[in-house]
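Take a look at this one; I'll ask things after.
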Amino acid sequence: MAWLWLLCALLPAFMVSVTANRPPTFGNNMTVVTLPEDLPVGEVAFWIAASDTDNDKLTYGISGLYASYFSVNPDTGAVTLVSSLDYETLPSFRITFSVNDGQVQGTLATKETQVILEDRNDNAPVFLNTEFSTSISETLPVGSVVFSVLAEDKDTGTAGVVRYFIEKVIPSTGNSIDLFRILVNGSIVLNENLSYNSKSPFYQLELKACDSGGTLNNEPKTQCSQPVFISITVIDEPDLDPQFVREFYSASVAEDAALGTSVLTVEAVDSDKGINDNVIYSISSENLVDPWRGLDSTKPGWFDITKDGVIIVSGSLDREQLLQDNEEVQIQVKATEEHQNIYGQDATVSTWVTIRVTDVNDHKPEFYNCSLPGCSFSPQEAQVNFMGEVDEHASARISIEGLTMVAYDPDQGDNGTFWLSLEGSDAEAFSVSPERAVGSVSVQVLVKNSEMVDYEKKTEMSVEVVATDSVSNDKSVATVTIHIININDHRPVFSQSLYELTVLENTTTASLVPDTILATDLDGDEWGPITYSLLPGNGRADLFEVDPNSGKLTVKNGTLLDREKQAVYYLTLQATDGGDLSATTALEITVLDVNDNAPVVQDSYNVFVPEEDGNVSVTIQAYDSDQPDTNNSRLLFSLLPGPYKHNFSLDPTTGLLRNLGPLDREAIDPALEGRIVLTVRVSDCGEPSLSTDVNVTITVEDINDNLPIFNQSSYEFYVMERDPGASVGTVNAWDADQTAANNRVSFSLSGSGANNFVLQGKVLELGWAEGSLWLLPDVGLDYEVQKLFNLTVSAENPGLPGLSSTVNVFVSVVDVNDEPPTLKPASLQSISVAENGSEHGQVAQVIAEDVDTNALLRVELVNVICTKGGVDVGSVCHGWFSVDASGSVYINQSEAIDYEACHLVTLVVRAHDLTTDPRFDAYSSNGSLPINIEDKNDNTPYFLPDNQTFVIIPELVMPNQQVASVQARDEDSGDNGIIKFSILKADFVRKDGTTNSVQVFRIAQSVEAGLFTGNIELVTSLDSTIQGIYQVTVQAQDQPAMGSALETQTTLNLFTVDQSYRVKLQFSTDKEEVGANVEEIKAALIQATRTSVYVVTIQNIDSMARARVVSYMDAYFVFSNGTALTLTELNVMIRRDQDALKQLLQLGLVVVSYQESQDSDQSQVLTSVIIGLVVSLVLVLVIMITALVCMRKSYHRKLRAMKAGKEARKTPTETTTPTAAIPGTNMYNTDRANPVLDLPTKDLGLECHSSSDLDYDSLNSLDENSVDLDMDSKEFKRKDLPHSPPEPDPEPLTAVLSAGTGGKQKKKKLSFTNPGLDTTDL
């Protein structure tokens, strides 16, 4: 009982110790975590929520198969993503959280949490089709499906719903843009009618597949596939009529052309360019009408057409029958395609052909008395005599009246061209028109020489008109008699052609002009008396008049005579006889001068001259209208008295006015404003003398002869800095000139810094001017830049010469604390700091400067930028460094500095001046101090996962050939990230489990974009007879410049395929043809076996071998996991793929067998033949002896086989027990028959077998796996099989082919079941 009381006493102590420390607990929300799959690496994914009632410091951890996706901060529980997530690869997984309070008695708390990923639109659709081409008929109905495509998007929801678009149609013409459309299911539908000829025979569609949109990186995102191109070939159909290559055909042929002469070739082509059918030509026999020209088909039988489209002459031609048809024959040619179109109709087209029949020269020109176009040109109407009349002295080119002559030649062209000419005694007086004519023409005889046509010389004249053929020179002559008509051809005649007369300008009315003027007429009084008249001219009709009978000339109105208006008058006096023939003479009447005009002064005279150097030189321009070079018009000039006359001189003859000395404007009365007025008199020398006065005004102009003067010798002003637009001061200047133009003063400013100021001038009275100096409104002076400005102000007159004076102006700048501080660029040079606590303390010093003397500066840290590889990584580096007010840069968290988290830390700093004027900026521009984080070798290289299987075929692999590869990365940089590969060891593991070390490999490496690749190459040849796996251990080691290197290893398995898997394929074609088709053969084999096919050799078989097998090809069939196909497995897989089997048979495949030696010499063959003949003789004797013995056994065996075949046909193939077959035969244990093959009983011959052979042989066993389609000549050979061990099951390919092509027997579907060939485990 004592120990019970002891336990009761110690129980409270135990309870205190147990409850002294309690384990931490997880929050209720840590059961499931949902994350988007596009969460960026480096972002905080979630926080581990845990609490401890003891308030101990907790340490967080994470574990599990997928814990490598995250890293956890052990202090805060923040879980950060370190590897990208992918919903499509791993939609959810489980991880385990752990938390520890760090107490000795503490308990580790764990919790398994499920992480569920949310899908994001991070996959673009991918087209699944492998071939994108099709052919369609051009008559395909609209709405038909042309082609179908399918694209797949791995995303879910709307991001996985695929939409299809036709981006482009090539050719991109107006009639092809909407030719196709695509449905939501990917079917491309014909939207408009096709046309091989008028549109395009080929189209290429550019397709794009896009999803229906989703979210990626918190933004809407639509993903689209890479474009694919579909080729569509349009098949032409015969739906169009043929077309002639020319719209119009025409030719010409002479009317005497022989029969069979080729005239013209027409050509028509099939409009269906893709068919190009043959075209047959014919000439329509119907009298059809051309709808376009309204012409009928004329003269049938004249022409015919050959099958080549050549139009030939088939009858006699006569151009004269075609005169009403424009000498042309119209025929209609029809072109018909040889085959009918798709509508079952003849495709035909017709065109009109115009053939012009040309003429030959068989006529000469003739003359006819008629008028065109009313001439009939009958031979009886031809004449040789014609008559006409003409007036004497008729003008040239006047035709003979009363003459109606037409020349006509019925020939055509040059044959109908003729020349016309004149002959006879009077031919020189006349000409003929035209001189050259074609066909028919009206002939005119024209007057050529009018002087020779004179009634007084001849009253009748005669000419001969000759028409000459231009080709044959045949002539026709016609005589024309011309009667001359007398006319009044003589006119009155004056004795002089010009009469010169005079009259005074003050002559009175009715005064007689001296001289008498008379005219005579050679015709006498036959045509009546002569009358006189004045013709209109420059002589005025109201001044003079003539007596019509006597011809006397008198002044009609004397008051109108004025020599100054018109000095000479020209009149025309006409004399007219009774026949209205007239003659004229010219009258020149001169008006004599009288002094009746005073001088006239031209213009007014205002002269402007500058004072002092100015000279007056002006000529008074005047004239007198009286007769020149007489006293009436001679002028004299003089000055009338005046106050300034003594200062000038005037030339009395020329009127030149000059000043006698310098002119002074100040000497002129100021009231006159510098103007002097002189009076000049101009007089003529006539009787009586006449005169005119004119005033000359001379203005003496003031000149600028006084300088502006400043009221001070210099000026000094003060202005505050940074005070834009401030007033600086004023300057004053004065000019002594009295005129405003000369005493006006303008100011200008110059000197260093003058562009900061503006000087505004102001005009005062009495020549004074004021200049106000200001700062520009947008300019403030800077004391730190320039303390004093030395300016120059110029005062000048704007006129010429520009007189000016200058004065110095000094502007002093009053200092203000206005400049912001700056950071010294040299202190912002980049520095380097090593990671992982390698450095401590101050690492840099930022220096601030200020040009102001009373500046108080501080350095401030504005921002910290963390970048890795040029990409902002957030706030990972915040807190690593600090900057104090003096600009010193210190390391805060040396251990936290990590190159893999951040490559570059940029400290953004600025300077602050505490004493800056409030009006100005107290801060400098931000400066950046780059701190490069130096890498330490703290990351081990790692191999990239690769699911590739490496297979070696020793027989095919050559030295220096690559057989495998590895890839690795190192997160360090520089030398720390350089990886060197090496092979630590290489072992060969045989199939029996024994291992040998080998030295047959080496490794070569390359690098691209930080990815290191090691290529494992073969050093020596491998033994192709052994089987096993090469295990190669590869090491990846970095190469740091300092410190120890880090490495990692991986082991590769290289599977070998030995010669036992080498398969022989025999062909009925030679090795050249097999080599040419090797790619097609390999493609068919790959399709059937789903393996990689390695061809060893292709050779011809010895000519002594079977005639059907010409060549063979040795090959390996290897799966990606290193296993290979055996002969039996190959046959089964080929048999399952009927398409591949059919293609291989078409390519000549005959036999599939194991590799065996093909070499034999002629001696061995000859020996075998001799031995075979001897053995055959022996066998014949043996067979004859044993035939009767074997007959009975064969009969019973046949009965058993027929019974088994019936039973097999009743039993489904699926229920057949595979284990019943005897390996290597097609026999069954029970009845020695094979119902599986279901062979006809006619194949069971009555062969003789011993009882020992019946367990191993079959009646139709094959000595080799032969593929033979000729079942009629098929010979079944038996080959003795060894009793032990039994051989593999026979190759069933021959049985399948035999059943499929055997004679007239009914085809039946064969099936084979062989568990030994099951390749599902491959």
Next item on the list: Could you pull out the closest heavy-atom pair between Lys556 and Phe544, with the gap in Å?
Entry: CB-N, 4.0 Å
Notebook entry, point to check: Do Gln444 and Ser442 have a side chain donor and acceptor closer than 3.5 Å?
Noted result: no
Check: Is it the case that more than 12 heavy atoms not belonging to Trp768 sit under 6.0 Å from its CH2 atom?
Finding: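 Yes - once you tally the heavy atoms of other residues, nucleotides and ligands closer than 6.0 Å, there are more than 12.
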Check: Is there a donor in the side chain of Asn557 and an acceptor in the side chain of Thr559, or the other way round, less than 3.5 Å apart?
Finding: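 Distance-only check passes for Asn557 and Thr559.
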Margin query: Under 3.5 Å, is there a donor on one side chain and an acceptor on the other for Asn597 and Glu564?
Written below: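 Yes, because at least one side-chain N or O of Asn597 sits under 3.5 Å from a partner of the opposite role on Glu564.
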Check: How are the rings of Phe757 and Phe789 set to each other: parallel, tilted or perpendicular (split at 30° and 60°)?
Finding: perpendicular
Check: Is Asp547 salt-bridged to Lys552, going by a charged N under 4.0 Å from an acidic O?
Finding: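 Salt bridge flag = no for Lys552 with Asp547.
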Check: Do Thr404 and Asn369 have a side chain donor and acceptor closer than 3.5 Å?
Finding: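 Present: a donor and an acceptor within the cut-off.
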Note to self: Does either side chain, that of Asp684 or that of Asn632, offer a donor lying less than 3.5 Å from an acceptor on the other one?
What the structure shows: no
Next item on the list: Ignoring hydrogens and angles, tell me if any N or O in the side chain of Ser805 forms a donor-acceptor pair with the backbone of Pro708 under 3.5 Å.
Entry: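 Indeed, once roles are kept as given, a pair shorter than 3.5 Å links the two residues.
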Notebook entry, point to check: Once the angle between the rings of Tyr715 and Phe710 is folded into 0 to 90°, is it parallel (under 30°), tilted (30 to 60°) or perpendicular (over 60°)?
Noted result: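 If you compare the ring of Tyr715 with that of Phe710, the planes turn out perpendicular.
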Notebook entry, point to check: Do Asp426 and Lys458 meet the salt-bridge criterion of a basic N to acidic O distance under 4.0 Å?
Noted result: yes
Check: Donor-acceptor pair, Asn647 side chain versus Gly661 backbone, under 3.5 Å?
Finding: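 Not at all, since once roles are kept as given, no pair shorter than 3.5 Å links the two residues.
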Notebook entry, point to check: Donor-acceptor pair, Glu505 side chain versus Arg563 backbone, under 3.5 Å?
Noted result: yes
